Amino acid sequence: MKIEAITLREIHMRLKSPFETSFGTVQDRRVLLVEVIADGASGWGEVTALETPGYNSETTDTAWYMISEFIAPALINQTLREASEFPALMSAIRGHEMAKSGVENAIWDAEAQLRGISLSEHLGGTLEEIPTGVSLGIRENSRSLIKKVAEELRDGYQRIKLKVKPGKDCEFVAAVRHEYPDIMLSVDANSAYALEDAKHLKQLDEFGLLMIEQPLSWDDIYTHSKLQAQIETAICLDECIHNTSHAVSAIELKACRIINIKLGRVSGHTEARRMQDACRKRDIPVWCGGMLESGIGRAHNIAMSTLTGFSLPGDVSASQRYWTEDIIEPEVKVTARGTIQVPKTPGIGYSVKRDRVEKLTVRRNEWPLA
Ligand code: OSB
Ligand code: MG
């Protein structure tokens, strides 16, 4: 596969409503899209970095810089035997997983199209529909949260995840659990607590949560092992896990019992596939996390979620939950039983609305350089 052209663009999209986490609130998304032309096929990828470095150290602007200065120049005109060779080609560039992932995933899309198969099949996925859940931002009070949970359950979602932070945690969880004693429920703290909060977090044990996601520091696996020893609720790691070696370390340290895999955080499909396999062999369930993606990132998440390690519902929900109009067609829809049907057409299986992308574009870089 010869990499003949690369286009990097920034598009602006406004979320239907603000999304609040323990590290801040986002509504106006600055999303980077990558289009790669390989042997004449056009593949698309999305960089899932946020606008600010509150989730991880990358941002829209650091990814723009890394792709423009290092990743695209190292890739253009190269010939790859397979998309899975991309990480080796980028091994001289440390970190910047989300920047790399946006580019690598575009190559996977192009490669699946060249083979005439869906990206899901190309990755080795087997599920024809994937179970899905939702992630609910922090709310003003538990009454409005319960109302939101009711809507999502009505739409069929199989698992509800509540964002929490100190001062907006146990009381909110207790209220939702009281209203819905039997739903699959979890919480996500995005690193808002410290080990000293162990006693406080232990109060969550009585609510029968599926998991508590990333309670402690974004870059500290070891301290999570100390917390996991003190609470019954399963810890799920998100922010801490950037590659399979991190995942194996966390499992062996007993720092978590579940892992969230995000394509961007782990640098793309090649590493995500390796990670889910390593977790499956160790009986650690994984699920697909979300980063408020546009349809392109969402389509990649759906394809990845068809791999056998993904045994829990992910944060992959309908386009309409986020956007008044998505940039792909058809938009991502969720069935009444809380699943997404996996497309069977070649590549990511959704078509990119080029006109709409063009309208939303605020800047662009192209290779080969003119
Ligand atoms: O921690 O999973 C997270 C959104 C932005 C940053 C981090 C996270 C999230 C979500 C939303 O939980 C997932 C989604 O619906 O895309
Ligand atoms: Mg998370």
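Whatever order the structure lists them in is the order used to number ligands and atoms, beginning at 1. On a predicted model such as this, the values are computed, not experimentally measured, just so you know.
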Side chain His246, main chain His242, donor-acceptor under 3.5 Å: yes

I'd like to know if the side chain of Glu104 and the backbone of Thr270 have a donor-acceptor N/O pair within less than 3.5 Å. yes

For ligand 1, find each of its N or O atoms that sits under 3.5 Å from a protein N or O atom, and tabulate the pairs with distances to one decimal place.
residue	atom	partner	partner atom	Å
ligand 1	1 (O)	Lys163	NZ	3.0
ligand 1	1 (O)	Asp188	OD2	2.9
ligand 1	1 (O)	Asn190	ND2	2.8
ligand 1	1 (O)	Asp238	OD2	3.2
ligand 1	1 (O)	Lys262	NZ	3.3
ligand 1	2 (O)	Lys161	NZ	3.1
ligand 1	2 (O)	Asp188	OD2	3.4
ligand 1	2 (O)	Lys262	NZ	3.0
ligand 1	12 (O)	Ser135	OG	2.8
ligand 1	12 (O)	Lys161	NZ	3.3
ligand 1	12 (O)	Lys163	NZ	3.0
ligand 1	15 (O)	Tyr322	OH	2.5
ligand 1	16 (O)	Met291	N	3.4
ligand 1	16 (O)	Leu292	N	2.8

Ignoring hydrogens and angles, state whether a donor on the side chain of Glu239 or Asn56 is under 3.5 Å from an acceptor on the partner side chain. no

Those residues at least two apart in sequence (or on a different chain) that pass side chain to side chain donor-acceptor pair (under 3.5 Å) with Thr306 are Ser120

Donor-acceptor contact below 3.5 Å, side chain Glu121 vs main chain Gly124: no

For distances below 2.8 Å, what is the count of protein N, O or S atoms around the Mg ion (ligand 2)? 3

Lys16 atom NZ, over 12 foreign heavy atoms within 6.0 Å: yes

The ring pair (Phe, Tyr, Trp, His ring centres under 6.0 Å) partners of His122 (sequence neighbours excluded) come to Trp108

Examine distances only and state if a side-chain atom of Gln158 and a backbone atom of Gly338 form a donor-acceptor pair shorter than 3.5 Å. yes

Is it the case that the side chains of Asn301 and Glu293 hold a donor-acceptor pair, with the cut-off being a distance below 3.5 Å and no angle test? yes

